[in-house]
Amino acid sequence: MKRIVIILLFLILPLGGLVGKNIPKAKLSSFLYECRYEPGVELVRLGSLPTMFVKAMVRKGLKEEMDDPEAQAVLRVIGGIKKISVLDYEDAPAETKELITQRLDHIFRDVDLLMETKGDGESMSMYGVCSDDGDKVRDFVLYSPSDCALICLFGTISMKDLNVMAANND
């Protein structure tokens with residue numbers, strides 16, 4: 001019996017590192033929904049249907065530039081996005097800003113941090129779940145507590161296409 005328990009522990013312990021790595025979408029969405037009533041807080045949430053319309057408008061706007069590699073990369077990136085949420089709490093009272101920042105920090109405490117940039121008193125954290133080969137990111141979140149902003153792109157985004165877009169914007 002001891003052997004079975006020990007074997008099970010050895011099988012389960014490595015899985016413990018995987019718990020909490022994903023973005024808790026339900027918890028985050030619920031919190032964002034609560035924030036919408038706070039003074040000075042702006043929340044834009046686009047479900048799958050409105051996101052589909054936005055993607056169609058972007059495709060139509062880029063129709064004439066289909067030969068451009070950057071336009072093709074943009075189309076592939078937006079093609080993988082299913083839902084979008086944007087939170088701006090810069091105009092909120094100081095105590096509300098502090099509370100929202102604390103709650104977001106708590107939500108992202110156990111989430112994989114992809115990258116963090118800091119400079120001149122500002123910071124930007126990027127969260128998401130990378131595929132095993134590092135080619136795709138699922139549920140990409142940009143969070144800047146110093147700017148009081150959060151952008152959530154739920155879906156799957158190609159890192160290669162993001163790099164093409166970033167390289168062309170330099």
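Values in this document were obtained by computation on a predicted structure and should not be read as measured data.
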Testing the basics here: between Cys152 and Leu28, what is the closest heavy-atom pair and its distance to 0.1 Å? SG-CD2, 3.7 Å
What one should report as the nearest heavy-atom pair of Ser146 and Glu122 is OG-CA, 3.3 Å
Who passes side chain to side chain donor-acceptor pair (under 3.5 Å) against [X], sequence neighbours left out?
{"X": "Asp135", "value": "none"}
{"X": "Arg45", "value": "none"}
{"X": "Glu42", "value": "none"}
{"X": "Ser131", "value": "Asp133"}

Connected via hydrophobic side-chain network under 4.5 Å: Leu99 and Leu32: no
Can you hop from Met115 to Val137 via hydrophobic side chains spaced under 4.5 Å? yes
Which residues pass the ring pair (Phe, Tyr, Trp, His ring centres under 6.0 Å) test with Tyr127, not counting sequence neighbours? Phe108
Test ring pair (Phe, Tyr, Trp, His ring centres under 6.0 Å) applied to Phe140 - qualifying residues, sequence neighbours left out: none
Can you name the residues that form a salt bridge (Lys or Arg N to Asp or Glu O under 4.0 Å) with [X], not counting sequence neighbours?
{"X": "Arg36", "result": "none"}
{"X": "Glu98", "result": "none"}
{"X": "Lys25", "result": "Asp139"}
{"X": "Arg103", "result": "Glu34"}

Would Met126 and Leu113 count as a side-chain contact (heavy atoms from CB on, under 4.5 Å) here? Give the steps. CA-CA 6 Å; Met126 294 170 223; Leu113 179 65; 5.7 Å; no
Give the intermediate values and the outcome of side-chain contact (heavy atoms from CB on, under 4.5 Å) for residues Ile151 and Val141. CA-CA 6 Å; Ile151 301 170; Val141 175; over 6 Å; no
Closer than 3.5 angstrom, by distance alone: can the side chain of Ser144 be matched with the main-chain N or O of Ser123 as a donor-acceptor pair? yes
Check against side-chain contact (heavy atoms from CB on, under 4.5 Å), Val54 and Ile78: CA-CA 9 Å; Val54 169; Ile78 66 164; over 6 Å; no
Report the residues that fulfil side chain to side chain contact (heavy atoms under 4.5 Å, CB included) with Thr51, sequence neighbours left out, ordered by chain and then residue number. Leu46, Lys55, Ile81, Ile84
For residues 85-94, which side-chain donor-acceptor pairs fall under 3.5 Å, sequence neighbours excluded?
{"unit_1": "Asp88", "atom_1": "OD1", "unit_2": "Glu90", "atom_2": "N", "d": "3.1"}
{"unit_1": "Tyr89", "atom_1": "OH", "unit_2": "Thr101", "atom_2": "OG1", "d": "2.9"}

Between Leu142 and Met124, is the side-chain contact (heavy atoms from CB on, under 4.5 Å) condition met? List the steps. CA-CA 7 Å; Leu142 297 162; Met124 171 74 75; 3.9 Å; yes
